[in-house]
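Read through the structure below, which is laid out as structure tokens, and then see the notes.
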2 protein chains.
Amino acid sequence: MADRPYHHGNLRAVLLDEAQRTLREQGVEQLSLRDLARQAGVSHAAPRRHFHDRQALLDALADAGFARLADELCAAIADASEDYEARLRAAATAYLRFAIDDGALLDLMFATKNASGPTALPASATRLFTAIGDLISQGQEVDALPPGDPARLRLLLVATLQGIAALITSGRADPGQSHDLIADTVALFTRDRH
Amino acid sequence: MADRPYHHGNLRAVLLDEAQRTLREQGVEQLSLRDLARQAGVSHAAPRRHFHDRQALLDALADAGFARLADELCAAIADASEDYEARLRAAATAYLRFAIDDGALLDLMFATKNASGPTALPASATRLFTAIGDLISQGQEVDALPPGDPARLRLLLVATLQGIAALITSGRADPGQSHDLIADTVALFTRDRH
DNA sequence: ACCTGAACACCGTTCAAGT
DNA sequence: ACCTGAACACCGTTCAAGT
């Protein structure tokens, strides 16, 4: 209800929202701080208070992306039946839906890190990895997955999901193939078990 | 031996070479047509004869990348022993070495396609996919891989390799873990066989 | 056929100054 | 604490003109 004559009061959130929309509709290349400022009706230097530079904006987008993906994955698993294969399939489906809907964002989340030292992963990325790790451990407990170091199996599952996503977002595979790819992935990880 | 006073004669190749080096050492963001022209000692508008725009340069880089990756993969497979698991391991190792050495290039090769219509894949990408498809078919013939549509299994293997590569280039996994990841991948695809 | 030079519109980034 | 306005150095892209 503010007229925001000078202080916007909400600028950071507005910029992030606009950025997510532009990212989805136009891709990373088209994402410009000046353009975002323009859309928010604010001077071109204003965003600097909230994002030190363009990379900081991209980092914030990636962070929010990890948080949302973790949420959607957990929700999908929670909604699935007790059957382990169904839970695994639900998780994979949620991951790939995210990839199809927000491919540019997912690319950003797994983009080459700038060589600015051994920066720790964002907490939201850890949440995603933890959720998938829990799913792996659960599968091993019910003997639906092969035994062995759960961290290694988790990494392999994340890699497989991310790889399928990369094939789809890059146009090397059609979104229509994702159903088959999910089925094959579940079969590969749970083969000869139950 | 030319003094190249006006016509460079070799500009396209020089630009591509410089671009590959910059890509490896500085990343895509730092890749600029003007800078490349400067390094080649040529006017900033000269590259336009050879690359219509920046995207055309990136496409050419990706194309050359696919060709080189296909070569390295074929060479690694040819050098491996007759044992099928060894061949699969050799292929995966070559793929991940490429990812570790030229992560930015691999990112480029699997970057989101610009929405400029249903462009056909470059022939070099097809060569890579064909090489991996042959490896899959061979594995099914000797019963080292599960039966089923070889195209689907091929897509899944490419996805797994590309996913591991993405985890490594993004810093989500350490290059030191690639050996374990390769072993786990081979075990997953060949489990309970021979 | 290939390259130059000037020009245009757009960036990211910085910094004094305003409220 | 947050935002403005001018300034700087850099892009990609275009196009007439040169060789």
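Per chain, numbering begins at 1; letters A, B, ... match sequence-line order.
A donor-acceptor contact closer than 3.5 angstrom is absent between the side chains of B:Asp134 and B:Gln138.
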In the 5'-to-3' direction, what one-character label does each nucleotide of nucleotides 8-15 of chain D receive under the scheme B = base within less than 4.0 Å of a protein heavy atom, S = sugar-phosphate only, - = no such atom?
---SBBBB
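Pairs passing the side chain to side chain donor-acceptor pair (under 3.5 Å) check and including a residue from residues 66-81 of chain B, sequence neighbours excluded, read B:Arg68-B:Glu72, B:Arg68-B:Asp102, B:Asp71-B:Arg127. Sorted by first then second residue, the side chain to side chain donor-acceptor pair (under 3.5 Å) pairs that include residues 170-185 of chain B, not counting sequence neighbours, are A:Arg152-B:Asp184. Residue pairs satisfying the side chain to side chain donor-acceptor pair (under 3.5 Å) criterion with at least one member in residues 154-165 of chain B, sequence neighbours excluded, are listed as follows: B:Tyr95-B:Gln162.
Rounding to the nearest 0.5 Å places CZ of B:Arg97 at 11.5 Å from CG of B:Leu69. Here the straight-line distance linking atom CD1 of A:Ile100 with atom CD1 of A:Ile168 works out to 4.5 Å at 0.5 Å rounding. In this structure, OG on B:Ser32 lies 11.0 Å from CD on B:Gln26, to the nearest 0.5 angstrom. Separating the CG atom in A:Leu36 from the CZ atom in A:Arg54 is a distance of 10.0 Å, to the nearest 0.5 Å.
With ring centers used as reference points, B:Phe66 lies 6.0 Å or more from B:Phe129.
Remark: DNA chain C forms stems of 3 or more consecutive Watson-Crick or G-U wobble pairs, all pair distances under 3.5 Å, at C:4-8 with D:12-16, C:12-16 with D:4-8.
For the segment residues 17-25 of chain A, the set of residues with a heavy atom within less than 4.0 Å of an atom of DNA chain D is empty.
At most 12 heavy atoms of other shown residues, nucleotides or ligands fall within 6.0 angstrom of atom CD in A:Glu82.
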